[in-house]
Asks: 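Before we start, here is the structure in question, set down as structure tokens.
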Number of protein chains: 2
Amino acid sequence: MKTITRKEEIVTIASQLFKEKGYNAVSMRDIAQAMGIKAASLYNHISGKQQILSTLILTVAVEFTNGMQTVVAKDIRPIDKIREIIELHIDITVNHSEALAALNNDWMHLENNDLSSFVQMREDYEENFRRIVKEGIEAGELKQHHPEVILFSILSTLRTLYLWYQKRGKLDVNVLKKDMVSVLLNGIT
Amino acid sequence: MKTITRKEEIVTIASQLFKEKGYNAVSMRDIAQAMGIKAASLYNHISGKQQILSTLILTVAVEFTNGMQTVVAKDIRPIDKIREIIELHIDITVNHSEALAALNNDWMHLENNDLSSFVQMREDYEENFRRIVKEGIEAGELKQHHPEVILFSILSTLRTLYLWYQKRGKLDVNVLKKDMVSVLLNGIT
DNA sequence: TTACAAAACTAACGTTTGTTAGTTAGATTT
DNA sequence: AAATCTAACTAACAAACGTTAGTTTTGTAA
């Protein structure tokens, strides 16, 4: 049985507030009020505001990193790897849409080790993706576009999916995956 | 002759700082220091921090609104309207990349009239775009996907272009337009 | 019932924030 | 030369910030 700790509760509440206004516009008093307690009481469970942010962001960043590793290791065609990466993004978006807001918009407010390991994970992720795109082009599975343009157009769509999912009435995940793969790979014309 | 006022200078400097850390993480003292003056001196030229943000964001928002109006009024095929919208985004991105960061990430820190007129402009813009996509589908120029998926995938790519342009060594605008149109409309496979 | 631990509380701290008031130096106009 | 204007300055303000210290309440176990 999975019991939620008070710390996890704080991180969850905070992530919802961060999504609305961003890390710096949300005070410890705001978070406390949303939980029905006083700001000082938060410190019984967490070490500070920074820890909330880093827990939130690094948890999801690790999930992306592991997901990408799994895809890279598979012995399948580049284009099928891209398909799986799209599905990975959708799965994470569905499960952590609030955390993704912080990851996208507030990562630069991480400090020290947390900041540098996040940046490292992000660079590695992009580099893995870039390599797959290049392989796909060389194998003739993708058009001869500049790899960077392909990488960017897919990645920016996937990264902002969290903004758009949920206001579209929680449509079925499998339908969403099929549509996104089709649009991103085959285009719209 | 176009002389830059001190106010425009402040807005420009501020936009660069906002792009790095976001509106709330940049203080008036930060902005002043970047200009080599003291924070209080800024108030000889602007009415407050809010005005910097709203000038920055609304200027660009109006440009999008006008550009969309022009495209809508044209008597051309839906797919060519989409092509022109893509080019509109690229033009604005090239000319206002710092302001676009604020527009995307800090619009919710606008207040009162500025906030509501921004939100209104944004909704109108999306609605115009949505209608064009629907017309394109009905005319058989676009595939029979859910219009919302098409709208989202194009718009999210265009909206985050500012993050990606410039670290890619300022490639030629016309080349960029051609590539983006091709990738977004025809897909990558 | 008592003892203990978890989690809330009140009060306060030192900083930083956006902003205002009043002043001063330098340039331009009369 | 005197007057005006522009744009900087110093000093200070009240409010909000993250955080700490010490205390009290609450629930569980002995």
Side-chain angles (χ1 to χ4, degrees), chain A residues 1-58 102 105-115, chain B residues 1-58 102 105-115:
Chain A
M1 67 172 189
K2 159 99 173 148
T3 57
I4 23 165
T5 68
R6 204 85 170 107
K7 174 180 170 179
E8 289 169 329
E9 221 175 315
I10 293 173
V11 171
T12 301
I13 293 275
S15 72
Q16 293 163 6
L17 299 179
F18 292 166
K19 182 177 183 178
E20 303 283 316
K21 311 200 294 171
Y23 177 72
N24 273 284
V26 175
S27 70
M28 293 299 274
R29 286 166 179 85
D30 290 334
I31 298 169
Q33 190 173 43
M35 299 197 61
I37 61 178
K38 298 289 176 179
S41 306
L42 294 170
Y43 290 81
N44 285 317
H45 309 285
I46 49 143
S47 66
K49 198 184 177 189
Q50 260 293 308
Q51 195 189 35
I52 299 178
L53 186 68
S54 65
T55 301
L56 197 53
I57 291 180
L58 291 181
N105 304 320
D106 291 318
W107 62 268
M108 71 286 282
H109 301 119
L110 291 171
E111 293 170 359
N112 310 321
N113 281 352
D114 292 333
L115 176 59
Chain B
M1 68 175 189
K2 161 100 173 147
T3 56
I4 23 165
T5 67
R6 203 87 172 108
K7 173 179 170 179
E8 289 170 329
E9 221 176 315
I10 292 172
V11 171
T12 300
I13 292 277
S15 72
Q16 293 163 6
L17 299 178
F18 292 166
K19 182 177 183 179
E20 303 282 315
K21 313 200 293 174
Y23 177 72
N24 274 284
V26 175
S27 70
M28 293 299 273
R29 285 166 179 83
D30 291 334
I31 298 169
Q33 190 173 46
M35 300 197 61
I37 61 178
K38 298 290 176 179
S41 307
L42 294 170
Y43 289 82
N44 285 318
H45 309 285
I46 49 142
S47 67
K49 197 184 178 189
Q50 260 294 308
Q51 196 190 34
I52 299 177
L53 187 68
S54 66
T55 301
L56 198 52
I57 291 180
L58 291 181
N105 304 319
D106 291 317
W107 62 268
M108 72 288 281
H109 301 120
L110 291 171
E111 292 170 0
N112 310 320
N113 281 352
D114 292 333
L115 177 59

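Below, chains carry the letters A, B, ... as their sequence lines are ordered, and counting in each starts from 1. Remember, it's a predicted structure, so these values are computed and weren't measured experimentally.
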Asks: Starting at the 5' end of nucleotides 20-28 of chain D, put B wherever the base has a protein heavy atom under 4.0 Å, S where only the sugar-phosphate does, and a dash everywhere else.
Replies: BB-------

Asks: So, does B/Gln33 use its side chain to make a donor-acceptor pair with the main chain of B/Ala39 at under 3.5 Å?
Replies: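 Here the side-chain-to-backbone pair does not exist.
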
Asks: What nucleotide, of C/dT19, D/dC17, C/dC9, holds the atom closest to the side chain of A/Lys38?
Replies: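 Shortest atom-to-atom distance from the side chain points to C/dC9.
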
Asks: Holding to side chain to side chain donor-acceptor pair (under 3.5 Å), I want the full list of residues that pass it with A/Asn44, two or more places apart in sequence or in another chain.
Replies: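 Side chain to side chain donor-acceptor pair (under 3.5 Å) list for A/Asn44, sorted by chain: empty.
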
Asks: Measure the distance from CD1 on A/Ile46 to P on D/dT19 and round it to the nearest whole Å.
Replies: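 Distance check: A/Ile46 CD1 to D/dT19 P gives 8 Å.
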
Asks: Looking across every strand, which nucleic acid part, if any, lies under 4.0 Å from B/Arg6 by heavy atom: base, sugar-phosphate, or nothing?
Replies: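 Sugar-phosphate only.
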
Asks: Please give, in whole Å, the distance from D/dA14 P to B/Met28 CE?
Replies: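 One finds 20 Å between P of D/dA14 and CE of B/Met28, rounded.
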
Asks: Output yes when at least one side-chain N/O atom of B/Lys49 is less than 4.0 Å from OP1 or OP2 of C/dG18, else no.
Replies: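 For C/dG18, OP1 or OP2 has a side-chain N or O of B/Lys49 closer than 4.0 Å.
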
Asks: Measure from CD on B/Gln33 to C1' on D/dC9 and round the result to the nearest Å.
Replies: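 It works out to 16 Å between those atoms.
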
Asks: What's the verdict on side chain to side chain contact (heavy atoms under 4.5 Å, CB included) for A/Ile31 and A/Ile52, showing C-alpha distance, side-chain angles and the deciding distance?
Replies: CA-CA 11 Å; A/Ile31 298 169; A/Ile52 299 178; 4.1 Å; yes

Asks: Counting only side-chain N and O atoms of B/His45, is one of them less than 4.0 Å from OP1 or OP2 of D/dA8?
Replies: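 Checking B/His45 against D/dA8: at least one side-chain N or O falls below 4.0 Å of OP1 or OP2.
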
Asks: If I compare all heavy atoms of B/His109 with all of A/Ala25, which pair ends up nearest, and what's the gap?
Replies: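 In terms of heavy atoms, the two residues are closest at NE2-CB, 3.7 Å.
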
Asks: From CG of B/Leu17 over to P of C/dT17, roughly how many Å is that when rounded to an integer?
Replies: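 Rounding to the nearest Å, CG of B/Leu17 and P of C/dT17 are 13 Å apart.
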
Asks: Looking only at heavy atoms, what is the nearest atom pair of A/Ala102 and A/Leu53, with distance?
Replies: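 Shortest heavy-atom contact: CB-CD1, 4.4 Å.
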
Asks: Starting at atom NE2 of A/His109, determine the distance to atom C1' of D/dC17, rounded to an integer number of angstrom.
Replies: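 So the two atoms are 15 Å apart, to the nearest Å.
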
Asks: Using a 4.0 Å cut-off on heavy atoms, which residues in residues 18-25 of chain A reach DNA chain C? List them by number, or say none.
Replies: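 DNA chain C contact set from residues 18-25 of chain A: none.
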
Asks: Could you list the residues that satisfy salt bridge (Lys or Arg N to Asp or Glu O under 4.0 Å) with A/Glu20, not counting sequence neighbours?
Replies: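 For A/Glu20 there are no salt bridge (Lys or Arg N to Asp or Glu O under 4.0 Å) partners, ignoring immediate neighbours.
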
Asks: Would one find a side-chain N or O of A/Ser41 under 4.0 angstrom from OP1 or OP2 of C/dC9?
Replies: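 For C/dC9, OP1 or OP2 has a side-chain N or O of A/Ser41 closer than 4.0 Å.
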
Asks: Side-chain atoms of residues 10-18 of chain A: list all donor-acceptor pairs with protein atoms under 3.5 Å, sequence neighbours left out, distances to 0.1 Å.
Replies:
unit_1: A/Thr12; atom_1: OG1; unit_2: A/Glu8; atom_2: O; d: 2.9
unit_1: A/Ser15; atom_1: OG; unit_2: A/Thr12; atom_2: O; d: 2.6

Asks: Would you mind reading off the distance between A/Arg29 atom CZ and D/dT19 atom P, rounded to a whole angstrom?
Replies: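 Checked: the CZ to P distance equals 11 Å.
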
Asks: A/Asn112 vs A/Gln50, test: side chain to side chain contact (heavy atoms under 4.5 Å, CB included). Steps then yes/no.
Replies: CA-CA 11 Å; A/Asn112 310 321; A/Gln50 260 293 308; over 6 Å; no

Asks: Any idea which heavy atoms bring B/Met28 and B/Gly48 closest together, and the distance?
Replies: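 Scanning both residues completely, I find the closest heavy atoms to be CE-C, 4.3 Å.
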
Asks: C/dT24 P sits how many Å from B/Ile37 CD1, rounded?
Replies: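 Distance, rounded to whole Å: 20 Å.
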
Asks: Please report the shortest heavy-atom distance between B/Trp107 and B/Ile57, naming the atom on each side.
Replies: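 Smallest interatomic distance, heavy atoms only, reads CA-CD1, 3.7 Å.
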
Asks: Identify the heavy atoms of B/Ile46 and B/Lys7 that sit nearest to each other, and give their distance.
Replies: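 Nearest heavy atoms, B/Ile46 then B/Lys7: CG2-CG, 3.8 Å.
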
Asks: Please report how far the helix from C/dT1-D/dA30 to C/dT30-D/dA1 bends, comparing the axis fitted to its first five pairs with the axis fitted to its last five, to the nearest 10 degrees.
Replies: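 Angle reported: 10°, given to the nearest ten degrees.
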
Asks: Which whole-number value in Å describes the distance from A/Met35 CE to C/dA7 C1'?
Replies: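 Roughly 11 Å, once rounded to whole Å.
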
Asks: So which heavy atom on B/Leu110 is nearest to which on B/Ser54, and how close?
Replies: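 For B/Leu110 and B/Ser54, the tightest heavy-atom pair comes out as CD2-CA, 3.6 Å.
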
